[in-house]
**Q** 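Below: one structure in structure tokens.
Just the heavy atoms: all of them, side chains too, but no hydrogens, waters or symmetry mates, feed the values below. Letters A, B, ... are given to chains in the order of the sequence lines, protein chains preceding strands, and every chain is numbered from 1.
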Amino acid sequence: MPEGPELHLASLFVNRVCEGVVFTGAVRKSMVSKSCDVAFTCDAYRIRAASRGKEVKLTLTPFKSHVNEGRLEPPVDIVFRFGMSGSFRFTSEDELPKHAHLSFYSNETPCGVLSFVDTRRFGSWQPNGSWQPNRGPCIMFEYKSFRKNVLLNLSNRAFDRPICEALLNQKYFNGIGNYLRAEILFRLNIPPFVQARTVFEGLELEDLAAGNITVKEELSDEKTSDRAGKNKAQPADLLRLCHTIPLEVVNMGEKGYDPEKSDYSNFKAWLQCYYVAGMKSTRDHNGRTMWFSGDAGPMAPKERKSTKAKKTAKKEGNHDFTAKKKVAGIRSKNTEEAKKREKREVASRKQKLKEEVEVTDTRDKTRRFPRRKTSGADTKVEQNRRSSRVKTVQPIG
DNA sequence: CGTCCACGTCTAC
DNA sequence: TAGACCTGGACGG
């Protein structure tokens with residue numbers, strides 16, 4: 001689950017399991033990984049982790065007592081991005097997870113192994129690297145500079161985009177991902193496809209309330225404006241929620257992260273909009289699913305994109321193909337034929353879509369987080385809809 | 001069996 | 001602004 005909070009929880013996880021552990025030898029990379037080797041070998045070193053937005057940095061520090069020919073090796077930083085499926089695990093040597101791509105071995109017996117696990121391999125790492133320079137300040141732990149970086153750059157074309165798309169721009173919102181943008185906009189009742197700039201204009205550079213923020217405060221605005229409609233002068237602050245909402249997830253603790261149990265019940269219960277039954281969803285201009293309720297906003301894509309073309313017959317010689325995939329590849333080997341068929345399919349799909357409403361109500365699109373057992377009228381929508389549960393968060397930075 | 005979908009970048013027309 | 005990059009789970013036929 002890698003957005004900002006998960007990356008941070010991953011760094012906490014690493015620090016917890018590596019506390020007092022002595023690592024030794026070489027850093028080992030899986031055969032299949034295309035990321036670079038980590039040329040680091042040391043008899044005895046420790047591992048610490050830190051996070052910033054959607055990156056985690058591991059620092060490998062040789063112990064002073066272990067000196068290589070009179071010279072102490074300097075620490076090495078490795079910066080990780082998690083892609084769609086990255087995580088860290090700590091296991092015994094013979095329980096190495098299936099998709100472990102970079103592993104650090106302890107000197108214990110039995111040997112403990114910290115590994116970077118990444119099923120889809122969209123993740124990456126950079127040894128001797130530092131935070132990616134074109135990513136902005138961390139939404140969670142560099143709140144002040146994050147806020148300034150947005151408000152001082154509102155003239156940038158990034159803010160011409162709809163707000164939901166701007167929120168995924170890591171140059172300004174380092175740590176926000178697809179579930180966070182949905183949750184954040186939902187809580188403020190901001191239509192996802194209004195121009196980003198208009199949402200931020202008028203916000204104060206300094207957030208005076210920072211450091212003493214509760215979610216209740218955020219929502220109180222909007223409740224009173226319901227009543228009087230006079231509250232326009234003090235709009236709920238989207239930038240602050242970009243900070244506090246991710247911290248709510250962090251404060252749920254490693255339960256939300258724990259790769260061992262993969263028990264997401266806490267997290268699922270926390271979600272109010274993303275993948276929640278009864279919410280609407282549509283594709284944004286980049287083909288990402290935007291979850292929301294109410295108005296889509298004026299910049300909503302008019303016609304949904306035709307679903308991505310099949311990429312079947314592309315990679316014949318790929319050694320990495322499973323037997324199944326090979327069959328599929330061979331079957332559609334005749335590219336001419338495949339293309340024609342594809343055209344026909346796309347055409348008929350477009351035709352269908354024309355007749356559909358632009359934005360679909362997705363009452364049963366709840367798949368990724370497996371179906372909840374429905375318990376009568378106790379629907380999630382009902383529970384969460386503008387729920388005024390108070391949660392205190394501890395903003396840092 | 002096949003199709004669609006997923007918590008994210010990247011680079012190449 | 002498409003695709004490419006991947007694996008695997010849910011679901012439909």
**Q** Determine: side-chain N/O of His285(A) to OP1/OP2 of dA2(C), distance under 4.0 Å, yes or no.
**A** no
**Q** Starting from C1' on dA6(B), measure out to CH2 on Trp291(A) and report it in whole angstrom.
**A** 12 Å
**Q** Is any side-chain heavy atom of Trp291(A) closer than 4.5 Å to one of Tyr179(A)?
**A** no
**Q** Quick one: Arg120(A) CZ to dG8(C) P, roughly how many Å, whole number?
**A** 11 Å
**Q** Sticking with atom P, work out how far dC5(C) lies from dC13(B), rounded to a whole angstrom.
**A** 12 Å
**Q** How long is the line joining CZ of Arg288(A) and P of dA2(C), in whole Å?
**A** 15 Å
**Q** Return the stacking result for dG8(B) and Phe82(A): yes when the ring centres lie under 5.5 Å apart and the planes under 30°, no otherwise.
**A** no
**Q** I'd like to check Leu102(A) versus Phe80(A) (side-chain heavy atoms, cut-off strictly below 4.5 Å). Are they in contact?
**A** yes
**Q** Going by side chain to side chain contact (heavy atoms under 4.5 Å, CB included), Phe104(A) matches just one of Thr24(A), Leu114(A), Val38(A), Val21(A). Which one?
**A** Leu114(A)
**Q** Indicate, with a heavy-atom threshold strictly under 4.0 Å, whether Gln132(A) touches base, sugar-phosphate, or nothing.
**A** sugar-phosphate
**Q** On the nucleotide dA6(B), are OP1 or OP2 found under 4.0 Å from the side-chain N or O atoms that Arg283(A) carries?
**A** yes
**Q** To the nearest angstrom, how far is Trp125(A) atom CH2 from dC10(B) atom P?
**A** 14 Å
**Q** Are Gln126(A) and Ile78(A) side-chain neighbours, meaning at least one heavy-atom pair lies under 4.5 Å?
**A** no
**Q** Map every base of DNA chain B to its dot-bracket character, where paired means a Watson-Crick or G-U wobble contact with both distances under 3.5 Å and | marks a partner outside the strand.
**A** ||||||.|||||.
**Q** Below 4.0 angstrom from OP1 or OP2 of dG8(B), is there any side-chain N or O of Gln170(A)?
**A** no
**Q** Name the nucleic acid region contacted by Arg181(A), choosing base, sugar-phosphate or nothing; use a 4.0 angstrom heavy-atom cut-off, strictly under.
**A** nothing
**Q** Hydrophobic side-chain clustering at under 4.5 Å (ILVMFWY, transitive links): who's grouped with Leu96(A)? Put none if nobody.
**A** Tyr105(A), Val113(A)
**Q** In this structure, how many angstroms lie between the P atom of dT1(C) and the CG atom of Asn286(A), rounded?
**A** 8 Å
**Q** Using the side-chain hydrogen bond (donor to acceptor under 3.5 Å, both in side chains) rule, collect all pairs that involve residues 164-173 of chain A, keeping only residues at least two apart or in two chains.
**A** Arg135(A)-Gln170(A), Asn156(A)-Tyr172(A), Arg161(A)-Glu165(A), Glu165(A)-His285(A)
**Q** Rounded to whole angstrom units, what separation is found between the OH atom of Tyr275(A) and the P atom of dC5(B)?
**A** 8 Å
**Q** Report yes or no: is the ring centroid of Phe122(A) under 5.5 Å from the six-membered base ring centroid of dT9(B), with the two planes under 30 degrees?
**A** no
**Q** Which listed nucleotide (dT9(B), dT7(C), dG8(B)) is nearest to the side chain of His99(A)?
**A** dT7(C)
**Q** Among dT9(B), dG8(B), dT7(C), which is the nearest nucleotide to the side chain of Glu3(A)?
**A** dG8(B)
**Q** Let me know the distance between OH of Tyr274(A) and C1' of dA6(B), rounded to the nearest Å.
**A** 7 Å
**Q** Under 4.0 Å between a side-chain N or O of Lys98(A) and OP1 or OP2 of dG8(C)?
**A** yes
**Q** Between dC10(B) atom P and Leu168(A) atom CG, what is the distance in whole Å?
**A** 14 Å
**Q** Does the side chain of Phe200(A) come within less than 4.5 Å of Leu238(A)'s, by heavy atoms?
**A** yes
**Q** Would you tell me if any nitrogen or oxygen in the side chain of Thr289(A) comes within less than 4.0 Å of OP1 or OP2 on dA6(B)?
**A** yes
**Q** Is there side-chain contact between Val27(A) and Leu60(A), with heavy atoms separated by less than 4.5 Å?
**A** yes
